[in-house]
Amino acid sequence: MKIIVTDRNLAPHRARLEDALVPGCSVSWHGSPHDASVLDDLAEAEVYVGGVLTASMAAAAPKLRLVHVAGAGTDNIAITDLPERVAVANTFHHEAAIAEYVVATTVSLRRGIPAADRALREGRWASPVHDPAIPQPNTLHGATIGFVGFGHIGRETWRLFRAFGCEAVAVTASGRTDAGAEGLRWAGDITRLGSLLRESDVVVVAVPLTEGTRGLIGERELRDVGERGIVVNVARGPVVDERALFDALSGGLIAGAAIDVWYAYPGADGAGEPASLPFATLPNAILTPHSSGITRQTFLGRVDDITDNIARLIRGVPLRNVVRAGRSSTESVS
């Protein structure tokens with residue numbers, strides 16, 4: 001069986017992945033899905049592992065049986081262009097890393113750590129002790145966290161926030177979250193978004209990007225967050241309207257934001273602006289390059305999931321974490 005890997009995050013774990021495969025498997029590694037050699041390799045591939053698969057790539061892979069994303073999102077996989085026989089699966093393991101990021105950036109923003117760091121580098125002690133104009137910051141204890149989306153990431157993030165003595169509310173597309181079982185003050189569907197935003201000190205955005213969630217949080221919603229509120233977006237950039245977010249931050253409509261997901265992404269050289277607006281000029285924003293889930297532990301778990309699914313494909317048993325069942329595959333067993 002020929003396997004193509006184009007996700008560079010798996011490269012540090014090459015030996016682990018290859019050692020876990022059964023005899024007879026061969027792996028072709030590529031630094032990018034856009035390498036010219038990928039199209040040639042696809043002609044014989046039965047498994048493709050990567051986060052990007054275009055319609056032209058799908059057409060070049062007549063023997064393909066499984067597309068496995070090395071992450072949760074499949075928005076860059078041309079699923080509708082794949083033949084019915086091809087299964088699509090994903091994997092997670094990023095929730096612990098992202099939860100740490102959300103809590104860390106929330107504490108940093110609520111305590112004014114980025115501003116204090118910049119000031120002290122310039123010889124200024126930006127503290128209420130030395131500047132009465134600076135308000136005393138709040139701890140996390142007693143804060144209300146609002147989760148827009150409450151899946152793998154939301155639940156793990158809430159587990160950490162809960163240890164700080166926070167309360168939480170959540171809205172989801174289905175509205176079927178059991179608030180009592182999860183220890184939430186309340187949970188509801190997306191029609192309660194306004195209530196969540198007004199009640200929350202911190203809003204964690206963790207929903208998939210769909211036509212229904214694109215621009216879900218715009219100017220009106222950010223006004224509901226209020227001037228003391230913080231937004232942390234670990235979903236996809238366009239879930240939060242770009243212009244509305246920039247204006248809310250620059251105009252003081254919200255206290256701050258941590259942004260790990262963006263409106264534009266770089267080429268192969270890793271260079272490029274993340275947005276059309278100058279977020280880098282904003283002192284009340286923490287900007288990171290979609291790296292909240294990028295840890296060694298994340299990808300060790302993902303390698304194990306991917307190799308397990310390849311073994312399942314070979315044995316003809318049900319795959320795990322199925323996004324789309326192929327004609328010859330069976331629905332996920334977990």
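Count residues from 1 along the sequence.
- Proximity of F246 to P278: side-chain heavy atoms (C-beta onward) are separated by under 4.5 Å at one or more points.
- The hydrophobic cluster containing I134, built from Ile/Leu/Val/Met/Phe/Trp/Tyr side-chain heavy atoms closer than 4.5 Å, comprises no other residue.
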inquiry  = Please evaluate residues L245 and I259 with respect to the criterion side-chain contact (heavy atoms from CB on, under 4.5 Å), reporting the C-alpha separation (whole Å), side-chain torsions for both, the decisive distance (0.1 Å), and the verdict.
reply    = CA-CA 10 Å; L245 180 58; I259 312 168; 3.8 Å; yes
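- Under the 4.5 Å side-chain heavy-atom criterion for grouping Ile, Leu, Val, Met, Phe, Trp and Tyr, V52 is not connected to W262 through any hydrophobic cluster.
- Across all non-hydrogen atoms, the minimal contact from A126 to A116 is O-CB, 4.1 Å.
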message = Working note: L222 + L253, criterion side-chain contact (heavy atoms from CB on, under 4.5 Å); need CA distance, chi angles, decisive distance, verdict.
response = CA-CA 7 Å; L222 290 168; L253 296 180; 5.8 Å; no
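- With 3.5 Å as the limit, one finds a donor-acceptor pair spanning the side chains of T288 and D260.
- The two residues L196 and V171 have their closest heavy-atom pair at CD1-N, 3.7 Å.
- In this structure, R176 places its CZ atom where only 12 or fewer heavy-atom neighbours from other residues, nucleotides or ligands lie under 6.0 Å away.
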request  = Apply side-chain hydrogen bond (donor to acceptor under 3.5 Å, both in side chains) to T157 and Y101, showing your working.
outcome  = CA-CA 9 Å; T157 304; Y101 170 92; over 6 Å; no
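- D189 and T191 share a donor-acceptor pair across their side chains, judged by distance under 3.5 Å alone.
- The shortest side-chain heavy-atom distance between P289 and P274 does not fall under the 4.5 Å cut-off.
- Follow the hydrophobic side-chain contacts under 4.5 Å out from I153 and you never reach V207; the two are in separate clusters.
- Using a distance-only test at 3.5 Å, with no hydrogens or angles considered, no donor-acceptor pair links the side chain of R8 to the main chain of S32.
- Under a 4.0 Å N-O distance rule, the pair D308/R312 qualifies as a salt bridge.
- Taking CD1 from I98 and OG1 from T298, the interatomic distance works out to 7.5 Å, rounded to the nearest 0.5 Å.
- Within the 4.5 Å cutoff, the side chain of T172 has no heavy atoms near those of the F147 side chain.
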query = So H13 and R302, side-chain contact (heavy atoms from CB on, under 4.5 Å) or not? Walk me through it.
reply = CA-CA 10 Å; H13 313 293; R302 290 178 174 182; over 6 Å; no
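- The environment of CZ in R223 is sparse: at most 12 heavy-atom neighbours from other residues, nucleotides or ligands sit within 6.0 Å.
- Note: F92 and H152 have parallel aromatic rings, judged against thresholds of 30 and 60 degrees for the angle between ring planes.
- Using a 4.5 Å heavy-atom cutoff, the side chains of P137 and R111 are in contact.
- How far OG1 of T307 is from CD of E18: 11.5 Å, rounded to the nearest 0.5 Å.
- One distance of note links CG of L193 with CD of E221; it measures 6.0 Å at 0.5 Å rounding.
- V148 is connected to L209 through a chain of hydrophobic side-chain contacts under 4.5 Å among Ile, Leu, Val, Met, Phe, Trp and Tyr, so both are in one cluster.
- Put simply, the side chain of R320 never gets that close to the backbone of T91: no donor and acceptor are under 3.5 Å apart.
- Distance CD/Q136 to OG/S127: 9.0 Å, rounded to 0.5 Å.
- A distance of 6.5 Å separates NE2 in H68 from CG in D305, rounded to the nearest 0.5 Å.
- Annotation: side chain of D41 is in contact with side chain of K2 (closest heavy-atom distance under 4.5 Å).
- Counting only heavy atoms from C-beta outward, the side chains of I310 and M1 approach each other to under 4.5 Å.
- Nearest heavy atom pair, residue E95 against residue E156, reads O-CG, 3.6 Å.
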request  = Show your reasoning for whether side-chain contact (heavy atoms from CB on, under 4.5 Å) applies to H93 and Q297.
outcome  = CA-CA 8 Å; H93 298 282; Q297 288 73 22; over 6 Å; no
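- Between V47 and R65, the closest side-chain pair of non-hydrogen atoms is not below 4.5 Å.
- A donor-acceptor pair under 3.5 Å links the side-chain atoms of D201 to the main chain of T144, judged by distance alone.
- Side chain to side chain, S37 and H30 meet the donor-acceptor criterion of an N or O pair below 3.5 Å.
- Here the closest heavy-atom approach between residue L39 and residue S56 is recorded as CD2-O, 4.0 Å.
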key: salt bridge (charged side-chain N to carboxylate O under 4.0 Å, His left out) evaluation trace for R121 with D117   = CA-CA 6 Å; R121 292 172 189 273; D117 174 81; 2.8 Å; yes
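- With respect to R118 and E122, no salt bridge is recorded, no charged nitrogen being found less than 4.0 Å from a carboxylate O.
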request  = Give the C-alpha distance, both sets of side-chain angles, the deciding distance and a yes or no for side-chain hydrogen bond (donor to acceptor under 3.5 Å, both in side chains) between S276 and E242.
outcome  = CA-CA 8 Å; S276 61; E242 179 181 355; 2.8 Å; yes
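- When hydrophobic clusters are built by joining Ile, Leu, Val, Met, Phe, Trp and Tyr residues whose side-chain heavy atoms come closer than 4.5 Å, directly or via intermediates, F150 is not grouped with V240.
- Between the T213 side chain and the V239 main chain, no donor and acceptor come within less than 3.5 Å of each other.
- Under a 4.5 Å side-chain heavy-atom criterion applied to ILVMFWY residues, the cluster that includes L300 comprises that residue alone.
- Residue W158 comes nearest to G183 through the heavy atom pair CZ2-O, 3.3 Å, listed as atom of the first residue, atom of the second, then distance.
- Taking the six-membered ring for Trp and thresholds of 30 and 60 degrees, F279 and Y263 have nearly parallel ring planes, at less than 30 degrees apart.
- The only option from V202, I217, L197, V225 that meets the side chain to side chain contact (heavy atoms under 4.5 Å, CB included) definition with V231 turns out to be V225.
- Cluster membership for V107 and I230, using ILVMFWY side-chain heavy atoms within less than 4.5 angstrom, is shared.
- Pairing each heavy atom of N284 with each of L249, the nearest pair is ND2-O, 3.0 Å.
- Take H141 and apply the ring pair (Phe, Tyr, Trp, His ring centres under 6.0 Å) test, not counting sequence neighbours, and it matches no residue.
- For the pair V323/I77, no side-chain contact is recorded, criterion being any heavy-atom separation below 4.5 Å from C-beta on.
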